[in-house]
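Read the numbers this way: they start at 1 and go in the same order the structure lists the ligands and their atoms. Because only heavy atoms are used, hydrogens play no part in the values below, and waters and symmetry mates are left out as well, while side chains stay in. What you are looking at is a predicted structure, and each value in this text was computed from that prediction instead of being measured.
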Amino acid sequence: MESKRVCVIGAGPSGMAVLFHLNRQIKRNEIEVVCFEKTSHSGGMWNYDWRTGRWRSEGDLEKWIRFNTVVRHVRYDNASETFHVQVEDLAKRKLLSSEAFDYVLVASGHFSTPNFPDFPGLNQFPGRVSHSHDFRDASEYAGKRVLAIGGNGSWSEVDAIVFCTGYLHHFPYLDDNLRLKTSNVLYPPNLYKGIVWMGSNGDGSQNGGNRLLYIGMSNLFYTITFLEIEGYWAVKYIIGEVTLPRKQEMVDEWKLWVERSKKIRSVRGVPPFQSSYMRYLSDECGYPYDVNVDDLFDEIISHKYGPNQGIITCRDMSFTSKFTGNKSPPKKLPFMEEFDDSLEGFVNVNYGQRGSKL
Ligand SMILES: Cc1cc2nc3c(=O)[nH]c(=O)nc-3n(C[C@H](O)[C@H](O)[C@H](O)COP(=O)(O)OP(=O)(O)OC[C@H]3O[C@@H](n4cnc5c(N)ncnc54)[C@H](O)[C@@H]3O)c2cc1C
């Protein structure tokens, strides 16, 4: 039997979840895997600067990753029923000839292209204007009046502006008929199971033969487990242990989930929705871990949005892990008084020696 070729775009948590499960599930020579990653390392947003550790995972997953290689173009050829993927070798600044794949998994994230709205007069503002994407350290803002744009409606004189206006789903490398167009919602449209591309019309036509898969496209609440389950489902589908129903059922199903998501009116509705989505996937693909995280969600919600709590004060609290039973050490300085976001500052100032050994 000829082996299938699988292309994974991006080696962030979504891409690594796919590689991790492919590594465990596939038999020798059954599937050939190539992961294109535009940076020189894996981990995506969890490894974007000196503050975060290198992404570590089981097995030699990097054997499949071609680093410093950015995907420039993906198109689907109906005649040969294959994807053609063209990449650029960033080290050599060279566009390479395209390669054919049976499956393409889009795992390039949606929290890296800032949504930067323009306002009249903004170009005349004399202070620093930035997006939360570029925020690393609060110390440059100490003592300043800072306008954080994200929930606005009043006038004030300020020294600096930070746009907290979110990110755009941006897939410039995909042909238009393959490109997911959505804002940051709980269940993006045109994706069966939140994963299988159903085409721009959502009806299963012009969709890359049910073999274009998106991982991690929802608004994320319980991130890593969520991405892991999607990766597991996708791998089970690729190896044939999960099968698709008839096209109309797929269409009806994604529409139902979008309708359900639109009925959510407050943040309290998010956890039950997202945990039921995770169970919906895990029940079908036999994900081997407990995904009942309702109690965790409840705790987060009650601390962040409860009557005597808040999104700021909950950061000063110390929590006990559901899985290890360990309680985090209390912080020395309240979140709002701590301007140094460096690793050294975070560990030594906030937690002292005990923290530095963690
Ligand atoms: C400032 C910030 C803080 C965050 N903090 C948290 C947090 O505390 N907790 C949390 O759960 N989530 C957080 N998130 C959300 C975070 O994005 C997700 O947790 C997670 O990183 C999503 O994983 P991903 O693999 O889908 O995307 P990413 O982590 O963005 O990884 C995508 C990968 O694809 C690569 N890539 C992109 N385009 C191409 C291309 N054309 N060719 C080849 N490679 C490509 C990128 O280089 C990257 O390595 C944060 C996001 C931001 C922006």
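- For ligand 1 and Thr39, the ligand atoms under 4.0 Å from any heavy atom of the residue are 47 (O).
- Atoms of ligand 1 found under 4.0 Å from any heavy atom of Gly44, numbered from 1 in the order shown, are 29 (O), 31 (O), 48 (C), 49 (O).
- Applying the 6.0 Å contact sphere to NZ of Lys262 captures no more than 12 heavy atoms from other residues, nucleotides or ligands.
- With hydrogens and angles ignored, the 3.5 Å screen pairs no side-chain donor or acceptor of Ser218 with any backbone N or O of Leu220.
- For ligand 1, the atoms closer than 4.0 angstrom to any heavy atom of Tyr173 are 41 (N).
- Nearest-residue assignment for atom 32 (C) of ligand 1 (options Ala17, Gly15, Ser108; heavy-atom criterion): Ser108.
- Taking the side chain as every heavy atom from C-beta outward, Val85 and Val71 approach each other to under 4.5 Å.
- The proximity of Ala107 to ligand 1, defined as any non-hydrogen pair under 4.0 Å, is limited to the backbone.
- By the 4.0 Å heavy-atom criterion, Tyr222 is excluded from the residues contacting ligand 1.
- Judged by distance alone, with hydrogens and angles left aside, the side-chain atoms of Ser205 form no donor-acceptor pair with the main-chain N or O of Asp203 at under 3.5 Å.
- For the pair Glu37 and ligand 1, the shortest N or O to N or O distance falls below 3.5 Å.
- Using 4.0 Å as the threshold, Thr69 has a heavy atom nearer than that to some atom of ligand 1.
- A donor-acceptor distance shorter than 3.5 angstrom exists from the side chain of Arg5 to the backbone of Ala100, with no hydrogens or angles considered.
- With a 4.5 Å cut-off on side-chain heavy atoms, Trp257 and Phe273 count as touching.
- A salt bridge between Arg279 and Glu284 is absent, with no side-chain N of the basic residue lying under 4.0 Å from a carboxylate O of the acidic one.
- Between Tyr277 and Tyr280, the two ring planes are tilted [angle within 30° to 60°].
- Between Met45 and ligand 1, at least one N/O pair is under 3.5 Å apart.
- The N/O atoms of Thr223, backbone and side chain alike, include one that comes under 3.5 Å of an N/O atom in ligand 1.
- Near Val71, with a cut-off below 4.0 Å to any heavy atom, the atoms of ligand 1 are 40 (C), 41 (N), 42 (N), 43 (C).
- Near Phe36, the atoms of ligand 1 lying under 4.0 angstrom from a non-hydrogen atom of the residue are 43 (C), 44 (N).
- Counting the atoms of ligand 1 from 1 in the order shown, those under 4.0 Å from a heavy atom of Phe111 are 15 (C), 17 (O), 53 (C).
- A centroid separation of 6.0 Å or more is found between the aromatic rings of Phe125 and Phe119.
- The heavy atom nearest to atom 24 (P) of ligand 1, considering only Gly10, Ser132, Ser14, Gly12, is found in Ser14.
- Annotation for ligand 1: atoms under 4.0 Å from non-hydrogen atoms of Trp46 are 9 (N), 10 (C), 11 (O), 18 (C), 19 (O), 20 (C), 21 (O).
- Contact of the Lys193 side chain with the Leu281 side chain is registered, since non-hydrogen atoms from C-beta on lie closer than 4.5 Å.
- Close approach to Gly109 involves these atoms of ligand 1, each under 4.0 Å from a residue heavy atom: 26 (O), 27 (O), 30 (O), 32 (C).
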